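First up is the structure itself, then whatever we jot down about it.
Predicted model only: the values in this text are computed from it and were never measured. Note on naming: letters A, B, ... go to the chains in the order of the sequence lines (proteins, then strands), and numbering restarts at 1 for each one. All values below were derived from every heavy atom in this structure, side-chain atoms included, with hydrogens, water molecules and symmetry-related copies excluded.
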Amino acid sequence: MNWNNVIQGFVFLATVILLAKPLGTYMARVYEGKPTGLHVVLGPVERWIYRLSGIYPETGMSWKGYAVAMMLFNGIGIAVVYAFQRLQAYLPLNPMSMQGVAPDLAFNTAISFATNTNWQSYGGETTLSYLTQMVGLTMQNFVSAASGMAVLVALIRGFIQKKAETIGNFWVDLVRTTLYILLPLSMILAIFLVSQGVVQTFKPYEKVTLLQPVMDSNGASVQEQVLALGPAASQIAIKQLGTNGGGFFNVNSSHPFENPTPVSNFLEVIAIILIPAALCYTFGYMVRDKRQGWALLAVMLIIFVPCLWSCISFEQQGNPLLSSLGINQKATAFQPGGNMEGKEARFGIANSAIWAVTTTAVSNGSVNSMHDSYMPLGGLIPLWFMQLGEVVFGGAGSGLYGMIAFAIIAVFIAGLMIGRTPEYLGKKIEAFEMKMASLMILIPPALVLIGTAVAVILPQAKASIFNPGPHGFSEVLYAFSSAANNNGSAFGGLSANTLFYNIALALAMFFARYWLAIPILAVAGSLSRKKIVPVSQGTLPTHTPLFIIFLVVVVLIVGALTFFPALVLGPIVEHFMLHHR
Amino acid sequence: MKKSKKAKSLFNLSIIGPAIIDSFKKLDPRHQIKNPVMFVVLVGSILTTGLYFQALSGNGEAPAGSILTISLWLWFTLIFANFAEAMAEGRGKAQAESLRRTRRDTLAKKLYSPSYGSSYEKVSATTLRKGDVVLVEAGDIIPMDGEVTEGVASVDESAITGESAPVIRESGGDRNAVTGGTRVLSDWLLVRISSNPGETFLDHMIAMVEGAKRQKTPNEIALSILLAVFTIIFLLATVTLLPFSVYSVISAGHGAPVTVTVLVALLVCLIPTTIGGLLPAIGIAGMDRMVQANVVATSGRAVEAAGDVDVLLLDKTGTITLGNRQAVALMPNQGVNIKSLADAAQLASLSDETPEGRSIVVLAKKKYGIRERHIHELDAKFIPFTAQTRMSGVDLGNGRQIRKGSAEAIEDYVRKFGGSFPEDLKSNIETISKNGGTPLVVAEQKQVLGVVQLKDIVKGGIRERFAELRRMGIKTVMITGDNPLTAAAIAAEAGMDDFLAQATPETKLKLIREMQSGGRLVAMTGDGTNDAPALAQADVAVAMNTGTQAAKEAGNMVDLDSNPTKLIEIVKIGKQLLMTRGSLTTFSIANDVSKYFAIIPAAFIGTYPSLKALNIMHLATPASAVLSAVIFNALIIIFLIPLALRGVPYKPMTANRFLRNNLLVYGVGGIVAPFVGIKLIDMILAVLRLV
């Protein structure tokens with residue numbers, strides 16, 4: 001037992017659970033339009049925005065109207081980000097004179113940021129101007145998260161309302177999320193990050209003299225290094241909070257200017273999981289049964305904690321190939337031990353593994369270590385978390401609505417098993433809800449499996465695979481699992497900035513996001529119209545340990561059964577090959 | 001449909017034979033396409049058969065023999081599933097057959113004009129049309145469903161209900177409906193035919209049990225969607241294995257890509273064939289169980305809804321209380337000694353074998369010390385109750401005539417002798433009525449002696465049944481015409497949750513609507529025409545077979561036994577239907593875990609030898625591993641047919657405990673069972689050297 005790992009994990013989880021209730025309550029009050037402390041200041045701003053945009057906040061939308069508004073808004077977002085990238089050479093705030101981004105890459109990036117995926121086929125400091133990063137990408141970081149949370153709130157209304165035709169107003173949900181939740185939290189976090197040394201400047205990149213000159217591959221001595229700078233802190237705060245994950249710099253949060261210290265690391269990893277965890281509480285608060293919220297949070301934690309611990313353990317065990325060479329991989333006071341390849345010395349095993357598991361369980365995708373270098377089973381866990389459909393915490397809003405879709409399926413099966421047409425939170429689950437919930441469990445796996453199958457067969461796609469064998473397969477599987485579940489993290493080792501990958505992954509991200517969000521809105525509409533069935537002794541309680549375990553099993557079985565064969569041919573066989581040679 | 005036939009065994013040879021033939025007939029793709037899961041199996045079977053012939057011609061992907069074994073077992077999987085469906089249908093057909101036998105082509109006496117005494121012609125029953133009026137006399141079979149327009153008669157309905165005691169049918173009121181195929185035992189009836197040939201109740205029953213009109217119920221549709229999605233997911237998971245395998249072989253440099261045969265085998269094992277194959281059988285068997293409980297449902301939807309009911313509206317009389325009331329007190333007329341009233345009441349009841357009559361004898365003996373006498377000693381003649389007189393009593397040898405009956409009947413009686421009905425007794429009678437009792441007036445010729453107060457007696461054991469319902473989460477509401485005070489007393493005594501007193505058709509309807517708008521599903525029973533609006537509004541409406549045609553048409557089920565407590569059984573059958581589906585779905589999906597561990601290492605061990613670590617069952621060879629999984633998958637359908645037909649046992653308990661129990665059996669059991677089963681089959685295959 002490595003006590004450092006235990007304590008690190010415990011402090012992290014305890015902080016998350018402690019923060020879930022106050023933030024969850026605050027968000028629920030925001031969505032219910034109840035006064036919060038911030039209304040004094042932000043209330044007038046909110047009303048001013050409505051007046052300026054011609055929004056009538058009291059007018060509800062049907063689910064179709066809500067979906068159209070969301071799609072329009074997201075469509076415009078995609079177009080704007082695409083335009084910024086293509087035209088950045090002619091726009092201000094471009095001190096490093098970045099050229100326009102290639103069309104396929106710009107297309108990929110635009111969809112990536114609108115869908116809250118933040119898959120990055122580009123390196124930020126070598127591709128994008130400050131304006132594109134700040135106004136294009138950071139803006140999307142806010143509103144893509146807000147879109148996901150808006151859809152969730154609409155779904156929650158479906159459970160609360162009786163015989164209602166509308167599910168709320170998309171514009172109001174969007175404005176409130178951004179104004180009251182995301183902006184204040186981001187401001188606080190950005191200031192803390194700056195205090196830790198995260199850069200925030202419009203100055204061009206700086207040349208510095210190396211303390212220790214190095215030789216380049218041609219044998220020439222290198223004396224100087226260019227340090228990329230930029231308005232990073234403001235973007236990183238929302239990148240973590242909004243479950244976006246798109247780094248300002250290419251190496252994301254392993255970059256010392258993005259994540260300089262263990263303190264900044266702790267704040268950032270908490271920020272990744274904060275909103276998805278707290279939304280569970282918001283859900284319970286809004287449906288007037290807090291146990292329901294805690295139950296879903298418990299489901300997520302029951303899956304999360306053992307996986308987190310396994311990942312830490314696999315990484316701490318180290319690489320058997322290195323052990324056989326006599327290399328000491330034991331943790332001591334002077335070395336973290338374990339498999340440190342691809343990990344930052346300042347984070348060690350625990351903080352790298354906590355981040356890797358959290359960033360994939362949550363649909364964030366930022367990294368502070370290179371997942372490609374993890375042990376096969378250590379890397380399987382982040383991969384599998386994405387394949388579970390990003391429902392264990394998942395994206396801001398989208399994770400919880402995915403989990404609710406799973407709950408609908410679990411309730412359906414459980415309801416049948418006790419001889420009752422199933423109901424969840426008093427709403428009868430019928431054929432229509434099942435159809436929509438089924439799409440939730442069908443579309444992401446379909447995109448992952450089909451995408452991977454094409455990519456390992458098509459010659460121009462295969463050319464991107466650098467590592468042959470099972471590891472190369474894992475890399476491709478990881479890329480599609482990441483895109484088709486809107487995570488955005490990369491295994492690496494795959495040259496993804498190609499026409500095939502840019503287009504294929506962009507399509508995967510697009511369908512995975514909207515083909516799930518729209519069915520969820522349809523469910524919200526259908527549930528809204530239903531009556532609420534009063535609770536009786538025959539009602540299956542959905543907050544009991546039994547139901548929690550059952551839902552855990554449903555999520556795991558669906559995830560495991562879908563991807564077991566693929567995982568066997570990737571990380572699992574790699575593990576056996578490593579240990580049984 | 002006699003009750004003695006109910007306990008027929010599941011596997012009856014006369015059913016199995018035709019069922020085997022039917023299971024081959026059902027291989028027709030047009031039949032299979034209705035069930036997407038099994039359709040995939042059909043496509044897989046055809047595909048592997050094609051691969052077998054390809055292998056025979058010399059350029060197959062694997063030895064022809066091994067492809068053939070897998071292909072054959074895939075066909076078996078289909079046939080076993082068809083067999084389950086055919087078995088369920090066969091049981092229904094057998095029932096329909098026994099129903100049909102009751103319908104002989106009878107001759108009907110069709111009247112020229114619809115009144116008794118009019119001349120008639122004898123015609124075949126099949127030529128009768130709606131609106132015709134026929135005469136049915138003692139010994140005749142009632143040719144078609146209809147309404148009695150004139151006459152009173154006792155009818156033997158055992159052909160339909162299995163109940164041998166004859167029932168009274170009479171014009172007007174709530175007992176005017178007669179069913180084709182039943183026999184008049186005494187007296188005569190004029191019957192207005194209410195349905196055309198082919199539309200009768202019997203036809204409907206036959207169609208129902210044969211499953212001819214079976215449509216998928218909403219719940220079945222929702223489940224089918226889920227099963228279809230699982231099928232698509234597994235289809236993707238297996239189809240993409242081919243490119244994954246090709247890539248792996250190229251990069252590993254050895255082994256051969258997975259064969260299509262193995263992929264098809266994996267696919268068939270993974271898709272939920274167990275539930276997919278048994279789903280139609282479960283639905284048909286549910287209807288069948290209803291019929292065995294002597295309930296005819298107009299649709300599968302109604303059966304399912306029965307499982308969901310939250311509120312039961314039950315009529316007090318006959319359901320909660322004994323239809324027969326018991327004597328509890330005597331109130332003499334002014335100037336009449338209470339002892340002589342007791343004496344007269346007892347005399348009038350000596351030969352009255354009804355519970356009311358007997359209770360009067362007992363009351364007189366216990367409370368007033370009147371010795372019980374034998375009617376023969378008294379040289380007395382018992383005057384039975386008739387529908388016409390509405391009185392019963394006794395004529396003693398010494399000329400005394402004692403009668404007891406309703407106030408109106410007795411009033412007529414005493415008036416015949418020149419007597420009159422005392423006014424002050426009328427107020428007594430009113431008081432009794434107000435308190436929910438029934439007054440029975442006793443008179444001797446022109447002298448009214450007094451009143452016997454009859455009171456409702458709550459049925460024995462009913463309290464426990466309601467407690468059972470409460471545990472199932474079902475609320476019970478008593479419907480009664482009584483005043484609220486009496487109703488409350490009886491409801492409390494019976495342990496009901498609520499009551500509706502002084503119920504009228506309007507208040508019943510209103511109550512149902514209120515409950516429904518509160519999100520509840522309401523079930524009720526009814527027999528009278530005045531129940532029809534409420535029956536039509538209720539989600540589950542069980543009409544009594546003794547009830548009027550209007551009531552039967554408004555309801556979505558008919559209870560042939562006319563037993564109002566049958567609702568409880570109906571609810572259980574509805575729940576069983578859903579539970580069987582849910583449990584087998586869970587079982588089916590849980591099975592997949594072991595099948596992966598059997599097939600995946602077998603499929604890829606050639607490419608990656610280190611995958612032998614995943615062969616945790618230590619199956620003999622890759623070929624036997626695949627085959628064992630396929631065989632298990634086919635055989636489990638056969639093993640589960642009895643469960644599908646009988647249904648998962650239901651006991652009332654809280655939802656949470658129920659879920660826990662069923663998850664342990666079908667979830668955990670579903671994970672463990674195939675590990676054992678596949679290993680056993682593999683061992684047998686190894687011993688027999690079949691692979």
(message) What part of B:Ile599 gets within 4.5 angstrom of chain A, counting heavy atoms only: side chain, backbone, both, or neither?
(response) neither
(request) Side chain from CB out, backbone as N, CA, C, O: work out which of these in B:Leu266 comes under 4.5 Å of a heavy atom of chain A, or both, or neither. (result) neither
(message) Heavy-atom pairs under 4.5 Å with chain A - which of B:Val648, B:Leu611, B:Ile221 has more of them than the others?
(response) B:Leu611
What are the two closest non-hydrogen atoms of [X] and [Y], and how far apart are they?
| X | Y | result |
| --- | --- | --- |
| A:Leu569 | B:Phe244 | CD1-CB, 3.6 Å |
| A:Phe412 | B:Leu226 | CD2-CD2, 4.1 Å |
| A:Met434 | B:Ala222 | CG-CB, 3.9 Å |
| B:Leu659 | A:Leu540 | CD2-CD1, 3.6 Å |

(message) Return the CD1 to CD1 distance between A:Ile557 and B:Ile671, rounded to the nearest 0.5 Å.
(response) 5.0 Å
Contact part of [X] toward chain B, heavy-atom cut-off under 4.5 Å: side chain, backbone, both or neither?
| X | result |
| --- | --- |
| A:Ile450 | both |
| A:Pro470 | both |
| A:Val554 | neither |
| A:Leu546 | side chain |

Taking 3.5 Å as the threshold, show me the donor-acceptor pairs across chain A and chain B, one per line with distances to 0.1 Å.
{"residue": "A:Leu416", "atom": "O", "partner": "B:Met579", "partner atom": "N", "Å": "3.2"}
{"residue": "A:Met417", "atom": "O", "partner": "B:Asn662", "partner atom": "ND2", "Å": "2.7"}
{"residue": "A:Gly419", "atom": "O", "partner": "B:Lys575", "partner atom": "NZ", "Å": "3.3"}
{"residue": "A:Arg420", "atom": "NH2", "partner": "B:Asp310", "partner atom": "OD2", "Å": "3.2"}
{"residue": "A:Thr421", "atom": "N", "partner": "B:Asp308", "partner atom": "OD1", "Å": "2.5"}
{"residue": "A:Thr421", "atom": "N", "partner": "B:Asp308", "partner atom": "OD2", "Å": "3.4"}
{"residue": "A:Thr421", "atom": "OG1", "partner": "B:Asp308", "partner atom": "OD1", "Å": "3.3"}
{"residue": "A:Thr421", "atom": "OG1", "partner": "B:Asp308", "partner atom": "OD2", "Å": "2.2"}
{"residue": "A:Gly469", "atom": "O", "partner": "B:Tyr247", "partner atom": "OH", "Å": "3.0"}
{"residue": "A:Phe473", "atom": "N", "partner": "B:Tyr247", "partner atom": "OH", "Å": "3.3"}
{"residue": "A:Lys531", "atom": "NZ", "partner": "B:Gln516", "partner atom": "O", "Å": "2.9"}
{"residue": "A:Ser536", "atom": "OG", "partner": "B:Gly473", "partner atom": "O", "Å": "3.2"}
{"residue": "A:Thr544", "atom": "OG1", "partner": "B:Asn656", "partner atom": "OD1", "Å": "3.3"}
{"residue": "A:Leu561", "atom": "O", "partner": "B:Tyr596", "partner atom": "OH", "Å": "2.3"}

